[in-house]
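Note that the structure is predicted; figures quoted are calculated from it, not measured.
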Amino acid sequence: MRRSARLLKERERERDSSYVSRESAGFSLHSFLASLRSCRLRLLLLLSGLFRFTFAMVAASSCYAYLDFRPCNHYNSNNSIALSSLFGSNSISLNRNQIRLNRATNSGRAMAIAMNMENEAMVSKNNPPMEKRRVVVTGMGVETSLGHDPHTFYENLLQGNSGISHIEDFDCSDFPTRIAGEIKSFSTEGWVAPKLSRRMDKFMLYLLTAGKKALADGGVTEQVMAEFDKAKCGILIGSALGGMKVFHEAIQALKISYKKMNPFCVPLATTNMGSAMLAIDLGWMGPNYSISSACATSNFCILNSANHIIKGEADVMLCGGSDAAIIPIGLAGFVAVRALSQRNNDPAKASRPWDCNRDGFVMGEGAGVLLLEELEHAKKRGATIYAEFLGGSFTCDAYHMTEPHPDGAGVIICIERALAHAGITKEQINYVNAHATSTPAGDLKEYKALVHCFGQNPELKVNSTKSMIGHLLGAAGAVEAVATVQAIKTGWVHPNINLDNPENGVDTKLLVGSKKERLDIKAALSNSFGFGGHNSSIIFAPYNC
């Protein structure tokens, strides 16, 4: 019994000892975890304080050299201790109390600077906005069936000469349409290197020559260009169809073997490569790309180029469009969609906008390029200013792939937005260079939209450049912009040829007649529309100081 009692007491002592041991261990673990949480909290608070301090320091960006963490004189004189601590300098040894004191002091200074900057921002918001950068036209270049410079081109338009004739570049005797605004004589001599001339598609050659001619017309010599900031010189020249001939030739070569394909067929066929090649030639490093929005391409490029200048992203922009689709596959494609005139027996009479006997548009080819420039930049170099670009707009019909919207809603919205963007009223527009392609549906829809927007304005005059050169597709808007600027420059608007029997509902009082007419242009609107329902309107006006 005594032995049993003794064993029982020993077991109770062991149990109590084990319990105390476990509780002690639990207490130690609990203390450890609590200590860890406390350390984590302290670390987070420390990092948070350091982050707030660093953020306040970076916010005071005026005190750093381009945010490359090299302190300027202001901080060298006032915050050398804090900066040496922050950026790990070992040149100054500080005790903990000094570090805490300096951290608090300099954090307060940095916060004060940040608050001061915020106050300055609040003041700047209350100040009137900076004056809008104005955009002017200082040069023009063209390649068309009626001339290879703006003067010759516009003189032919004023005389009512037609550039539409029988196609000579290839045999099209089996096609129902055998006429076009084909460029008969074209030379790249002095503009493009012979090796590149042999490789490139015509759309790119037209683009390069028209672009360089625009520079020459704008008085941009090598000496003048040497003074330009190349990073603020851009190129935005688009194309609706790009290098169709190069791509077609590649397909024909592929039928034999891929080894027969031109290794440059892909880059030379893309629509962006024209702008890129011109930039490479000129060394211009500003905005550079292309836009392809069917027959509205050029206007899209011109408006976007102007916006780059307005926003300060560029001082100079070459912009416009180029297309060269008068080749078998291009002609056949438009024949298939039943869009072309078949008046083969009288090519000069085939393009007849608003005439009741029109039977489709006539293909054209070429390029148009404008040299747009920020006003002060142009004045500083003594450039001749032809006109001022006021604004423009884009919309979409969202209706049909090839047909215009029945009530012209997209066009009306586009014109109204262009007027708003330009900051002018509809009464100030007294000249419209219409899209008017000579198609049965398109001409009348645009005419009705113009009447809706401008009413029976007795001063308004409307004409169509396409009546003489055909439809240049992606280049149409740019070539017509050149014609619009020339009208402002000369005070003459060109005639509408072939308007023998106006469509019912068309008031000929709004249309320029069969002869050129004098017109003191206040503001001019130029429209371009494209397959897919793309609408574009741009506005020019005489430059007034």
Side-chain angles (χ1 to χ4, degrees), residues 132 135 236 238 240 291-308 310-311 319 321 353-354 389-437 439-457 459-466 471 473-474 476-478 480-481 484 503 505-507 510-511 522-541:
K132 179 180 175 181
V135 181
L236 179 42
I291 295 174
S292 184
S293 50
C295 304
T297 292
S298 287
N299 278 10
F300 275 65
C301 293
I302 292 169
L303 180 52
N304 275 279
S305 294
N307 286 337
H308 283 302
I310 291 169
K311 291 189 290 184
C319 55
W354 300 297
F389 180 85
L390 298 185
S393 180
F394 318 130
T395 61
C396 181
D397 282 346
Y399 171 72
H400 191 271
M401 188 182 296
T402 59
E403 293 294 321
H405 197 285
D407 61 8
V411 175
I412 292 169
I413 295 171
C414 189
I415 294 172
E416 290 176 344
R417 286 182 179 176
L419 292 169
H421 185 245
I424 63 174
T425 64
K426 61 183 181 180
E427 289 78 17
Q428 290 173 269
I429 297 288
N430 65 339
Y431 171 56
V432 176
N433 188 298
H435 180 64
T437 60
T439 57
D443 292 3
L444 202 54
K445 296 295 188 298
E446 181 183 14
Y447 173 83
K448 290 179 178 179
L450 292 174
V451 170
H452 175 90
C453 291
F454 300 107
Q456 297 296 320
N457 183 347
E459 295 184 3
L460 184 67
K461 287 296 179 181
V462 182
N463 63 11
S464 172
T465 305
K466 293 181 182 72
H471 192 352
L473 309 178
E480 289 159 16
T484 301
E503 179 75 53
V506 173
D507 183 359
L510 295 178
L511 305 179
K522 298 175 182 176
L525 176 82
S526 181
N527 285 334
S528 283
F529 315 131
F531 281 176
H534 299 296
N535 306 307
S536 63
S537 299
I538 55 177
I539 299 174
F540 298 92

What distance do Phe394 atom CZ and Cys414 atom SG have between them, rounded to the nearest 0.5 Å? 8.0 Å
Atom of Ala449, atom of Gly408 and distance for their closest heavy-atom approach: CB-O, 4.4 Å
State, yes or no, whether a side-chain contact exists between Phe454 and Leu419 at a heavy-atom distance under 4.5 Å. yes
Are side-chain N/O atoms of Asp397 and Asn535 paired as donor and acceptor at under 3.5 Å? yes
To the nearest 0.5 Å, how far apart are CD in Glu403 and OG1 in Thr439? 8.0 Å
Would a distance-only check, ignoring hydrogens and angles, find a side-chain to backbone donor-acceptor pair under 3.5 Å from Glu459 to Asn430? no
Do Leu450 and Leu460 pass the side chain to side chain contact (heavy atoms under 4.5 Å, CB included) test, and can you show the C-alpha distance, the side-chain angles, and the key distance before you say yes or no? CA-CA 10 Å; Leu450 292 174; Leu460 184 67; 5.5 Å; no
Check the pair Glu416 / Lys426 against salt bridge (Lys or Arg N to Asp or Glu O under 4.0 Å), numbers first and verdict last. CA-CA 8 Å; Glu416 290 176 344; Lys426 61 183 181 180; over 6 Å; no
Run the numbers on Lys445 and Val411 for side chain to side chain contact (heavy atoms under 4.5 Å, CB included), then give the verdict. CA-CA 9 Å; Lys445 296 295 188 298; Val411 175; over 6 Å; no
For His471 and Cys295 the tightest heavy-atom approach is NE2-SG, 3.2 Å
Consider only side-chain N and O atoms of Asn433 and Thr465, and report whether a donor and an acceptor are under 3.5 Å apart. yes
Determine yes or no for a side-chain-to-main-chain donor-acceptor pair under 3.5 angstrom, with Ser526 supplying the side chain and Ile538 the backbone. no
Is there a side chain to side chain contact (heavy atoms under 4.5 Å, CB included) between Ile310 and Phe389 once you walk through the steps? CA-CA 11 Å; Ile310 291 169; Phe389 180 85; 5.7 Å; no
Assess the side chains of Asp507 and Tyr447: does a donor N or O sit below 3.5 Å from an acceptor N or O? no
Least distance between heavy atoms, Gly410 atom then Thr395 atom: O-OG1, 2.7 Å
Once rounded to the nearest 0.5 Å, what's the spacing between atom CG of Leu390 and atom CD1 of Ile424? 5.5 Å
For residues Cys396 and Gly532, report the shortest heavy-atom separation together with the two atoms involved. SG-O, 3.6 Å
Applying side chain to side chain contact (heavy atoms under 4.5 Å, CB included) to His421 and Leu303, what does each step give before you reach the verdict? CA-CA 11 Å; His421 185 245; Leu303 180 52; 4.0 Å; yes
Least distance between heavy atoms, Ser393 atom then Arg417 atom: OG-CB, 3.2 Å
Does Asn463 reach the side chain of Tyr431, with side-chain heavy atoms less than 4.5 Å apart? yes
Between Ser528 (side chain) and Asn299 (backbone), is there a donor-acceptor pair under 3.5 Å? no
Are the side chain of Glu503 and the backbone N or O of Leu444 linked by a donor-acceptor pair below 3.5 Å? no
For Thr297 and Gly474, indicate whether the former's side chain and the latter's backbone hold a donor-acceptor pair under 3.5 Å. no
What pair of heavy atoms forms the shortest contact from Ile415 to Ser537, and how long is it? CG1-OG, 3.7 Å
pair Val506-Asp443: side-chain heavy atoms closer than 4.5 Å: no
Value for SG (Cys319) from CD1 (Ile291), rounded to nearest 0.5 Å, stands at 10.0 Å
Could you tell me how the ring of Tyr399 sits relative to the ring of His405: parallel (under 30°), tilted (30 to 60°) or perpendicular (over 60°)? tilted
Considering only heavy atoms from C-beta outward, does the side chain of Trp354 approach that of Ser464 to under 4.5 Å? yes
